[in-house]
2 protein chains.
Amino acid sequence: MNQKQLQSEQTRKRIADAARALFTQKGYKATSIEDIVSATGSSKGNIYYHFKSKEGLFLYLVEEWDQEWTQNWKNNVHHYRTTAEKLYGMAELLAADDLNHPLTKAADEFFRQEEKTSEAESRLAELMGEHLAFNEKLLQEGIDSGELGPHDAKRLAYVLESLFFGVSQLARGFNRDQVPILYRDAVAVFLTGVTSQKQKQLPL
Amino acid sequence: MNQKQLQSEQTRKRIADAARALFTQKGYKATSIEDIVSATGSSKGNIYYHFKSKEGLFLYLVEEWDQEWTQNWKNNVHHYRTTAEKLYGMAELLAADDLNHPLTKAADEFFRQEEKTSEAESRLAELMGEHLAFNEKLLQEGIDSGELGPHDAKRLAYVLESLFFGVSQLARGFNRDQVPILYRDAVAVFLTGVTSQKQKQLPL
DNA sequence: GTTCATACTGAACGTTCGTTCAGTATTGTA
DNA sequence: TACAATACTGAACGAACGTTCAGTATGAAC
């Protein structure tokens with residue numbers, strides 16, 4: 001790779017990283033291109049050289065989040081045996097990222113505003129669906145193995161998603177060391193709520 | 001009361017109601033004064049005659065939400081005996097209001113944007129604190145009576161708040177009849193998670 | 001019927017926003 | 001060194017925003 005190509009890629013990354021932090025902090029609408037200019041030192045035009053539009057930049061970030069999260073999970077999943085361990089693992093990973101939940105947060109705001117490309121709309125819906133399917137699969141495995149009670153995995157997936165989403169929102173106002181505690185509390189309550197009667201020895 | 005005063009009050013209410021629906025649907029920033037003008041038929045100037053500013057209007061709505069919720073709760077609380085019933089009751093009330101959670105939703109977005117009066121900021125923080133205190137008190141009663149296990153009520157209050165907040169967000173994309181199901185599922189999981197071992201007969 | 005406070009209008013304002021583009025700098029290529 | 005492609009700049013744009021205000025309509029008070 002060229003020096004030029006390398007530098008270009010670094011610039012692209014610098015913009016993406018700054019935008020990611022800003023979107024997470026301030027939300028989609030409240031983050032302006034000017035904010036990103038200030039945070040990066042790049043010019044306005046340069047941002048539009050690297051990304052098609054504000055929406056395109058956001059969509060790129062969401063895809064990136066999704067991939068990072070998937071990768072991160074794959075790297076760690078072999079540490080966990082039971083569903084309980086997996087859920088606590090998820091909580092830990094989510095708490096560690098200060099950007100928290102990869103999809104549902106800024107995406108939610110973006111989702112409900114009217115003006116957006118139908119391409120962006122459908123892609124986001126797709127990712128959201130995949131994410132819920134991931135939750136459902138994890139829970140279904142726990143149910144099948146008898147670790148969790150005979151619940152409806154699809155409905156539980158919504159509850160779990162709600163819980164994690166809510167925690168990630170509430171955690172924004174917390175001190176850094178309180179965040180993992182809230183995540184763990186949440187998972188503990190959830191797990192006790194769904195674990196089968198036969199095996200009620202929870203970790204922690 | 002005069003005919004004029006009455007009509008003025010009706011106009012004020014018409015503006016407030018429309019604004020409430022719009023803020024809930026689209027969020028704070030994405031709702032423009034022009035949107036409210038379109039929804040009410042009132043003029044821009046008239047909105048500023050009745051309310052100090054967009055922020056003032058929003059703050060008024062939050063106070064109104066808070067009062068309505070408190071009143072609604074007081075009207076219904078005598079139907080519920082146990083903590084479990086109270087939580088299911090809360091879920092039902094929240095699900096019934098399509099505006100859902102009175103404080104945490106649009107307020108969260110409003111909260112994290114920088115430009116806002118310090119008056120608005122502190123008032124919002126105050127209301128949020130009261131709301132968490134309400135959760136905590138309810139849970140503490142359950143713990144004291146032995147219905148719930150010996151948990152930390154303050155920490156549980158955060159978990160419950162997260163759960164309800166998450167559910168209210170996720171529920172936005174749902175069909176009307178699915179919403180109460182999600183709320184009930186959430187409370188069921190939460191309750192099973194926190195109920196003491198001695199009395200594991202849950203309602204539902 | 002005249003007076004007056006109240007209720008309301010809508011054009012205009014100053015900002016801020018996302019986006020564009022003509023032009024410049026920098027680097028790879030021949 | 002000359003040329004071309006890529007990377008970047010920043011002024012300028014039109015649209016949208018929250019807010020203001022001089023002016024008008026309306027019902028209450030006398």
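Atom set for the values below is all heavy atoms of this structure, side chains included, hydrogens, waters and symmetry mates excluded.
Evaluated for a salt bridge (Lys or Arg N to Asp or Glu O under 4.0 Å) with A:Asp35, the options A:Lys44, A:Lys26, A:Lys29, A:Lys54 yield exactly one hit, A:Lys26. Each of A:Trp73, A:Trp69, A:Phe164 was scored for a ring-ring contact (aromatic ring centres under 6.0 Å, His included) with A:Phe134, with one residue passing: A:Trp73.
A donor-acceptor contact shorter than 3.5 Å links the side chain of A:Thr192 to the backbone of A:Ala188. Remark: side-chain polar atoms of A:Thr31 are paired, donor with acceptor, to backbone N or O of A:Gly27 under 3.5 angstrom.
Between B:Tyr49 and C:dA7 there is a side-chain polar atom (N or O) within less than 4.0 angstrom of OP1 or OP2. Side-chain nitrogen and oxygen atoms of B:Ser43 include none within less than 4.0 Å of the OP1 or OP2 phosphate oxygen of C:dC8. In this model, the phosphate group of D:dA7 is not approached by any side-chain N or O of A:Thr11 to a distance below 4.0 Å at OP1 or OP2.
A straight line from CD of A:Gln10 to P of D:dC8 spans 10 Å, rounded to a whole angstrom. Distance B:Gln5 CD to C:dC8 P: 12 Å, rounded to the nearest Å. Here the C1' atom of nucleotide D:dG10 and the CD1 atom of A:Ile47 are 12 Å apart, to the nearest Å. Rounded to whole angstrom, the span from the CD atom of B:Gln3 across to the C1' atom of C:dT6 amounts to 13 Å. In this structure, CZ of B:Phe51 is placed 13 Å from P of C:dA7, rounded to the nearest angstrom. Rounded to whole Å, the distance from CD on A:Gln7 to P on D:dT6 is 16 Å.
The aromatic rings of B:Phe174 and A:Tyr158 lie perpendicular to each other, with more than 60° between the two planes, well past the 30° mark.
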(request) For nucleotides 13-25 of chain D, just jot down a letter per nucleotide in 5' to 3' order: B, S or -, based on protein non-hydrogen atoms under 4.0 Å. (result) ----SBBBB----
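Residues A:Leu59 and A:Glu119 have side chains in contact (heavy-atom distance under 4.5 Å, counting atoms from C-beta outward).
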